[in-house]
Amino acid sequence: MLDVNLTGAMTCARAAVGPMIRQRDGHLINLSSFAARAGTRGQANYAAAKAGLIGLTQSLAAELGPRNVRVNAVMPGVLRRP
């Protein structure tokens, strides 16, 4: 779970960020999940991996923002009606 959801995203980011920094422009989008915020029963490994991805996204955004590289995470999930 960690290899696919977290290490995979980090490896892809490492490959993509170099050219973005050189051209001083780019946008990196990670795919996380609402499970990272709320957790779901029986999926602690998934929630942990997706929470790590949010931390990775925030750290990369702080590091790369001054170089005009935007980093965001999309968090799809099922939302309850109010």
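Counting from 1, the numbers follow the sequence of the chain as shown.
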Atom [atom1] of [X] and atom [atom2] of [Y]: how far apart are they, to the nearest 0.5 Å?
{"X": "I54", "Y": "S32", "atom1": "CD1", "atom2": "OG", "value": "3.5 Å"}
{"X": "M10", "Y": "L56", "atom1": "CE", "atom2": "CG", "value": "6.5 Å"}
{"X": "N68", "Y": "Q23", "atom1": "CG", "atom2": "CD", "value": "10.0 Å"}
{"X": "R24", "Y": "L64", "atom1": "CZ", "atom2": "CG", "value": "11.0 Å"}
{"X": "L2", "Y": "K50", "atom1": "CG", "atom2": "NZ", "value": "11.0 Å"}

**OP:** Tell me, yes or no, whether the heavy-atom count around R37 atom CZ, taken from other residues, nucleotides or ligands under 6.0 Å, exceeds 12.
**Re:**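 Check fails, neighbour count at 12 or below.
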Side chain to side chain, [X] and [Y], heavy atoms closer than 4.5 Å:
{"X": "S33", "Y": "M75", "answer": "no"}
{"X": "N72", "Y": "N30", "answer": "no"}
{"X": "L28", "Y": "L60", "answer": "yes"}

**OP:** Over all heavy atoms of both residues, which pair between A49 and N5 is shortest? Give the atoms and the distance, please.
**Re:**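 Between these two residues, the closest heavy atoms are CB-CB, 3.8 Å.
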**OP:** Go through the steps to decide whether D25 and R70 satisfy the test side chain to side chain contact (heavy atoms under 4.5 Å, CB included), and finish with yes or no.
**Re:** CA-CA 8 Å; D25 188 40; R70 296 158 307 283; 3.5 Å; yes
Original post:
Do the side chains of Y46 and L6 join up, straight or via other hydrophobic residues, at under 4.5 Å, putting them in one cluster?
Top reply: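 They do not share one cluster, since no chain of ILVMFWY contacts under 4.5 Å joins Y46 to L6.
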